[in-house]
Amino acid sequence: MNRIKKTVIFNILYVAAAVALILGAWWATSAAVDSEFLVPSIGATFSAFKKVFNNPAFWNGLIGTLLRSTVGFIISAALFFVTFFMSTAFDGFRKVFDPIIGVMRSLPAVAVTLIFILAVGGNVTPVALGVLVIYPIMYSAATARTATLPTELKEICVLCGGGRITMFRAVYLPCLAGGLPESLATAFSYNIKAVVGAEILAQTADSLGMLMQLSRVYLQPAMLVAFVIIAVVVSVVLEAVIRFVLRIALRKYAD
């Protein structure tokens, strides 16, 4: 058995072990509480999946949440690349902008969501909150990764006549690219969580968050848990896909 196959098999076993532990803890907690309204049983939750998948509202909600997450991710990525370039090109910009990023990271998500609901409404709020959550993560991860760049590389680029754009393309981007698969994949996963949370508070139409809210209102705990599991699985799968695609696309920059 070669090394790659062995790694794949062990990774599958680790995932299976993790799932088994989660299901075991779930079963034990459900049995101890003995109340479907507090902790739905595994059987009741998986029965709820049939109703979920047969409900057209679920698919509309899933598509709506994914669209909002994708729009927010694209906006965040665009802001990140523009502002990160500005921070590498102009020292004054970086000194002014770094504290702003620190403030953005510290903002309480729930309070900001309520402000966004009043300012822009329930449909835009999840996108705006997603940007607010993951954009600072992208920026901070990039600055931390490139902070260790040798000064000699920058000096060589300047001596060779490279300007700000050349410096960014030839020095910063190669250093940054090696960590992009992990940081961007993680950011997208965080984005889905932020979007769903904002949808719940904003009661956004055609969204997973609204379906979760309705399950709570109508006292359907098994259905609520089913929606939560779906959101987690979608986040994990998309995170893995993005990481894999970016690793292939940027493999020449691998550490």
Notebook entry, point to check: Just by modelled atom types, is the Ser69 backbone N or O under 3.5 Å from a matching donor or acceptor in the Asn191 side chain?
Noted result: yes
Next item on the list: Among Phe97, Tyr139, Phe168, find the one that has a ring pair (Phe, Tyr, Trp, His ring centres under 6.0 Å) with Phe85.
Entry: Phe168
Next item on the list: Before giving the answer on side chain to side chain contact (heavy atoms under 4.5 Å, CB included), spell out for Phe227 and Val196 the whole-Å C-alpha distance, their side-chain angles and the decisive distance to 0.1 Å.
Entry: CA-CA 11 Å; Phe227 284 129; Val196 171; over 6 Å; no
Checklist line | Approximate separation, where rounding is to 0.5 Å, of Thr45 OG1 and Ile229 CD1 | finding: 6.0 Å
Note to self: So which atom in Leu211 and which in Ala57 form the shortest heavy-atom distance, rounded to 0.1 Å?
What the structure shows: CD1-O, 3.8 Å
Next item on the list: Locate the shortest heavy-atom distance separating Pro136 from Val131; write the atom from each residue and the value.
Entry: CD-O, 3.8 Å
Next item on the list: Locate the shortest heavy-atom distance separating Pro181 from Arg247; write the atom from each residue and the value.
Entry: CB-CG, 3.6 Å
Margin query: Please report the interatomic distance CG(Leu23) to CD1(Ile42), rounded to the nearest 0.5 Å.
Written below: 5.0 Å
Margin query: Between Met223 and Phe58, is the side chain to side chain contact (heavy atoms under 4.5 Å, CB included) condition met? List the steps.
Written below: CA-CA 11 Å; Met223 193 79 75; Phe58 162 70; over 6 Å; no
Next item on the list: Would you please classify the geometry between the Phe53 ring and the Phe49 ring as parallel, tilted or perpendicular, with 30° and 60° separating the classes?
Entry: parallel
Item checked: Counterpart residues, side chain to side chain donor-acceptor pair (under 3.5 Å), relative to Ser207 (two or more places apart) -> none
Next item on the list: Mind running side chain to side chain donor-acceptor pair (under 3.5 Å) on Thr204 and Glu199 for me, showing each step along the way?
Entry: CA-CA 5 Å; Thr204 306; Glu199 289 171 346; 5.6 Å; no
Margin query: Please say yes or no: joined through hydrophobic side-chain contacts below 4.5 Å, possibly via intermediate residues, are Val195 and Leu79 part of one cluster?
Written below: no
Notebook entry, point to check: Can you check whether Thr113 reaches Ile117 side chain to side chain, under 4.5 Å on heavy atoms?
Noted result: yes
Notebook entry, point to check: Do the side chains of Ile242 and Ile137 join up, straight or via other hydrophobic residues, at under 4.5 Å, putting them in one cluster?
Noted result: yes
Next item on the list: To the nearest 0.5 angstrom, please state how far the CD1 atom of Ile101 sits from the OG atom of Ser106.
Entry: 11.0 Å
Check: In this structure, are over 12 heavy atoms from other groups packed under 6.0 Å from Ile165 atom CD1?
Finding: no
Checklist line | Under 3.5 Å donor-acceptor, Arg94 side chain and Thr88 backbone | finding: no
Margin query: For Tyr135 together with Phe80, are the ring centres under 6.0 Å from each other?
Written below: no
Next item on the list: Say whether Ser235 and Tyr190, considering side chains only, have a donor N or O and an acceptor N or O under 3.5 Å apart.
Entry: no
Checklist line | Main-chain N/O of Ala185 paired with Arg243 side-chain donor or acceptor, under 3.5 Å | finding: no
Check: If every non-hydrogen atom of Asp206 is compared with every non-hydrogen atom of Arg68, which pair is closest and at what distance?
Finding: O-NH1, 3.2 Å
Check: Can you tell me how far the CZ atom of Phe84 sits from the CG atom of Leu176, to the nearest 0.5 Å?
Finding: 5.0 Å
Notebook entry, point to check: Atom OG1 in Thr83, atom CE in Met138: separation rounded to 0.5 Å?
Noted result: 10.5 Å
Next item on the list: Could you grab the distance from atom OG of Ser189 to atom CD of Glu239, nearest 0.5 Å is fine?
Entry: 4.5 Å
Next item on the list: Using the rule that two of Ile, Leu, Val, Met, Phe, Trp, Tyr join whenever any of their side-chain heavy atoms come within less than 4.5 Å, decide whether Ile100 and Phe93 are in one cluster.
Entry: yes
Item checked: Nearest non-hydrogen partners of Ile200 and Met212, listed with the distance -> CD1-SD, 3.9 Å
Item checked: Shortest non-hydrogen separation from Ala187 to Ile134 and the atoms involved -> O-CG2, 3.2 Å
Note to self: Are the side chains of Leu224 and Gln220 in contact, using a 4.5 Å heavy-atom criterion?
What the structure shows: no
Notebook entry, point to check: Going only through I, L, V, M, F, W and Y residues with side-chain contacts under 4.5 Å, is there a path from Ile63 to Ile74?
Noted result: no
Item checked: Thr125 side chain to Phe116 backbone, donor-acceptor under 3.5 Å -> yes
Next item on the list: Flag yes if Leu132 and Phe81 sit in one hydrophobic cluster, no otherwise; membership is Ile, Leu, Val, Met, Phe, Trp, Tyr, and two members link when side-chain heavy atoms are under 4.5 Å apart.
Entry: yes
Notebook entry, point to check: Is there a donor-acceptor pair closer than 3.5 Å between any side-chain N or O of Thr143 and the backbone N or O of Ser140?
Noted result: yes
